[in-house]
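Worksheet: one structure, shown below.
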Amino acid sequence: MPKQPPDPTTLKRESAGTYRTVDGRFTVQEASGRWLVLDAEQQDELGLPLTRGPFDTLAGARAAVTSARSGPAPASTLHERLAARSGSTPGRARTTAAGAAQGKAKAAPGANGAIGAKGASGARGASGPRRATAQAPEPPPIEIRRYHAGDGPAMRALWAAVGFRSMGDDDDSLDRMAERNPGLVLVATEGDRIVGTALGGWDGRRGWIYHLATASDRRRQGLGQRMVQEVERKLRQLGCPKVNVIVRDENPDGAAFWEALGYALPPSRAFGKEL
């Protein structure tokens with residue numbers, strides 16, 4: 001009797017609180033005692049895997065996976081839910097540095113833009129051959145590596161560009177954090193250029209992610225998600241049961257990003273003091 005192919009809806013446990021269907025499309029993650037379903041074939045308005053849930057039980061998330069394969073794609077309501085929670089108007093603060101950079105890129109003519117195309121068409125007369133246009137070289141791949149001493153100036157330049165306001169980002173502080181958290185302080189590089197950062201930390205009880213940032217021309221390409229997942233993977237290897245992030249109230253896009261990755265607001269407020 002021929003062997004039956006595996007049921008694509010079957011969930012395989014990858015780690016504590018994380019399951020994935022055998023075909024790789026759906027990931028089911030536990031967040032604050034509830035379950036989220038991430039769909040790799042459908043994206044929300046941030047370009048991230050579309051999130052369904054939360055569901056009270058793993059069985060409820062499993063049922064959502066089954067229905068998602070045949071049902072219509074739901075509309076993402078991340079910004080609407082965040083706006084309702086804060087009492088603000090949906091999309092009020094959506095004009096970010098990434099959006100501005102994207103608008104500039106759309107307005108600026110490229111090497112193969114309309115002007116170049118028109119010129120090439122005009123030069124292709126009845127007797128003239130069609131001239132080939134030069135192709136821009138492929139950019140180097142983006143790699144994620146651990147922090148190196150000397151990365152500080154480029155990291156601080158990136159943080160200034162995205163509007164981070166914080167203390168303790170000098171070279172000595174970064175070196176101390178990297179020494180106390182081996183392999184958790186990460187940078188994303190494109191050639192010699194640093195285009196992303198994620199500072200992971202673990203105090204032995206809870207994990208933290210600070211200064212997740214991507215260059216404006218490398219946003220909405222999944223880089224931020226890649227860096228978060230790499231920090232989570234390393235924390236999981238250390239036995240860390242939970243990871244926290246801090247998102248400022250004036251950053252609704254940031255809150256939507258983290259919620260789409262399975263992060264949830266804690267029931268209590270966090271207090272802090274600068275020393």
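Numbering starts at 1 and runs along the sequence shown.
Residues meeting the side-chain contact (heavy atoms from CB on, under 4.5 Å) test with T18, sequence neighbours left out: E14, S15, T27, Q29, R236. Taking R226 as the reference, I142, I144, L223 meet the side-chain contact (heavy atoms from CB on, under 4.5 Å) condition, with sequence neighbours excluded. In this structure W258 satisfies the ring-ring contact (aromatic ring centres under 6.0 Å, His included) test together with Y263, sequence neighbours excluded. Judged as a side-chain contact (heavy atoms from CB on, under 4.5 Å), and not counting sequence neighbours, the contacts of L58 are L11, Y19, V28, W35, R62.
Side chains of L158 and V187 form no contact here, defined as non-hydrogen atoms less than 4.5 Å apart. Between R219 and D253, every side-chain heavy-atom pair lies at or beyond the 4.5 Å cut-off. You'll find the side chain of D23 stays beyond 4.5 Å of the side chain of E41, heavy atoms only. By the 4.5 Å heavy-atom criterion applied to side chains, W208 and I246 are counted as neighbours. Contact annotation: the side chain of M155 approaches that of L199 to within less than 4.5 Å [non-hydrogen atoms, C-beta and beyond].
Here salt bridge (Lys or Arg N to Asp or Glu O under 4.0 Å) pairs that include residues 196-205, with residues two or more places apart or in two chains, number zero. Residue pairs meeting the salt bridge (Lys or Arg N to Asp or Glu O under 4.0 Å) criterion with at least one member in residues 142-159, sequence neighbours excluded: R145-D151, R156-D171.
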Residues V231, V243; criterion side chain to side chain contact (heavy atoms under 4.5 Å, CB included); working and verdict: CA-CA 10 Å; V231 174; V243 60; 5.6 Å; no

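By the criterion of side-chain heavy atoms lying less than 4.5 angstrom apart, applied directly or through intervening Ile, Leu, Val, Met, Phe, Trp or Tyr residues, I194 is grouped together with L174 in one hydrophobic cluster. In the hydrophobic clustering of ILVMFWY residues, with side-chain heavy atoms under 4.5 Å counting as a link, I209 and L36 come out apart.
Atoms NE2 and OG1, on H148 and T189 in that order, are 9.0 Å from each other to the nearest 0.5 Å. Of the inter-residue distances, the one linking C240 atom SG with K234 atom NZ reads 14.0 Å to the nearest 0.5 angstrom. Here the CG-OH distance, from L186 to Y147, works out to 13.0 Å after rounding to the nearest 0.5 Å. Separating the CD atom in Q225 from the CG atom in L212 is a distance of 11.0 Å, to the nearest 0.5 Å. For the atom pair CG (D169) and OH (Y210), the distance works out to 12.0 Å, reported to the nearest 0.5 Å.
The only member of R180, M177, E179 that meets side-chain contact (heavy atoms from CB on, under 4.5 Å) when paired with V185 is M177.
Although no hydrogens or angles enter the test, the distance criterion places a donor-acceptor pair under 3.5 Å between the side chain of N181 and the main chain of W202. Checked by atom type and distance alone, the side chain of T51 pairs as donor or acceptor with a backbone atom of A260 at under 3.5 Å.
Between E230 and R233, at least one side-chain N (NZ, or NE/NH1/NH2) sits under 4.0 Å from a carboxylate O, which counts as a salt bridge.
The two residues F257 and G224 make their nearest non-hydrogen contact at CZ-C, 3.9 Å.
Taking the six-membered ring for Trp and thresholds of 30 and 60 degrees, H211 and W159 have ring planes more than 60 degrees apart, a perpendicular arrangement.
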